[in-house]
> 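Dropping a structure here in structure tokens format, bear with me for questions.
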Amino acid sequence: AQTVTQSQPEMSVQEAETVTLSCTYDTSESNYYLFWYKQPPSRQMILVIRQEAYKQQNATENRFSVNFQKAAKSFSLKISDSQLGDTAMYFCAFMLFSGGGADGLTFGKGTHLIIQP
Amino acid sequence: GAVVSQHPSWVICKSGTSVKIECRSLDFQATTMFWYRQFPKQSLMLMATSNEGSKATYEQGVEKDKFLINHASLTLSTLTVTSAHPEDSSFYICSARVGKETQYFGPGTRLLVL
């Protein structure tokens, strides 16, 4: 079974600062994907960024980027120029990919990110 | 594109009754949908995988007789909570798989059992 660990229950930074959320995972599989999802107070899950395990290059999406260290099983999220709208719960998630397609997601416990004005 | 809807968005029911939650993919066909459960201030836990035209696959510890899942078409999966009890009160979220790896989530259904 796979596990995902987020060791920061809550983080708070000032607007425009850069913040990094940490995530580690444990698996014996080689074919998988990693994701960061954002859950604002509306509770709608929003995909922030994804990373294929077979790709060495770190994924980036505008202000969001990841630091994927496969050997260390680490997958951190960096948010640059943080904005008030970034305030939300952030979940790191693992997805195993088998021949028939992707399995369901295994989530970490989440990090509550607060952006202060 | 890739919009997933859920209905109802919230429901209150009496203990012992059954409640059905619908999950629809509005602009795409989804052979696979997933059901998750989220308790207050906690993470999402995968309950089951719903495959169109076949029986759902439940995660360990999830009672399949209590949480009935039906995926009768390529755009609709339903979760029925049978004989609901207060401990079943939770936030239920579905997702639909697009292609082989991307999942899009519905807005969730808040269930309160009195």
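Proteins come first, then strands; the chains are lettered A, B, ... in the order of their sequence lines, and each starts at number 1. Quick note: numbers below take in every heavy atom, side chains included, and nothing from hydrogens, waters or symmetry partners.
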> So, taking the atom named CD1 in B/I93 and the one named CD in A/Q44, what distance separates them when rounded to the nearest 0.5 Å?
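Between B/I93 CD1 and A/Q44 CD, I get 8.0 Å after rounding to 0.5 Å.
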
> Taking B/L68 as the starting point, is it possible to reach B/W35 by hopping between hydrophobic residues whose side chains are less than 4.5 Å apart?
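Looking at the clustering, B/L68 is in a separate group from B/W35.
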
> Count I, L, V, M, F, W, Y as connected when their side-chain heavy atoms are under 4.5 Å apart, and connections chain through other members. Are B/L46 and B/V62 then in the same cluster?
no

> Has A/Q39 got a side-chain atom pairing as donor or acceptor with B/S43's backbone, closer than 3.5 angstrom?
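It does not hold such a pair.
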
> Could you state whether B/Y92 and B/Y104 fall into the same hydrophobic cluster, counting links through intermediate Ile, Leu, Val, Met, Phe, Trp or Tyr residues with side-chain heavy atoms under 4.5 angstrom apart?
no

> Between A/L47, A/T106, A/L105, which shows the greatest number of heavy-atom pairs under 4.5 Å with chain B?
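Option with the top pair count is A/L105.
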
> Give me the contact list for residues 49-83 of chain A versus chain B, heavy atoms only, anything under 4.5 Å, ordered by residue number.
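Residues A/R50 are the ones that qualify, each having a heavy atom under 4.5 Å from chain B.
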
> Counting only non-hydrogen atoms closer than 4.5 Å, can you tell me which residues of residues 108-117 of chain A sit against chain B?
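The stretch touches chain B at A/G108, A/K109.
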
> Check whether any side-chain N or O of A/Y33 sits under 3.5 Å from a backbone N or O of B/T102 as a donor-acceptor pair, and report yes or no.
no

> Between A/F35, A/F91, A/Y37, which is the residue that forms a ring-ring contact (aromatic ring centres under 6.0 Å, His included) with B/F105?
A/Y37

> Flag yes if more than 12 heavy atoms outside B/K66 fall under 6.0 Å of its NZ atom; otherwise flag no.
yes

> Are B/L74 and B/F28 linked, directly or through intermediate hydrophobic residues, by side-chain heavy-atom contacts shorter than 4.5 Å (ILVMFWY only)?
no

> Is it true that B/W10 and B/L114 fall in one hydrophobic cluster, defined by side-chain heavy atoms closer than 4.5 Å?
yes

> Check the pair B/Q103, A/M95 against side-chain contact (heavy atoms from CB on, under 4.5 Å), reporting the backbone distance first and the verdict last.
CA-CA 10 Å; B/Q103 292 184 34; A/M95 183 178 74; 3.8 Å; yes

> Heavy-atom pairs under 4.5 Å with chain A - which of B/Q38, B/K41, B/M45 has more of them than the others?
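Among B/Q38, B/K41, B/M45, the one with the most close pairs to chain A is B/Q38.
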
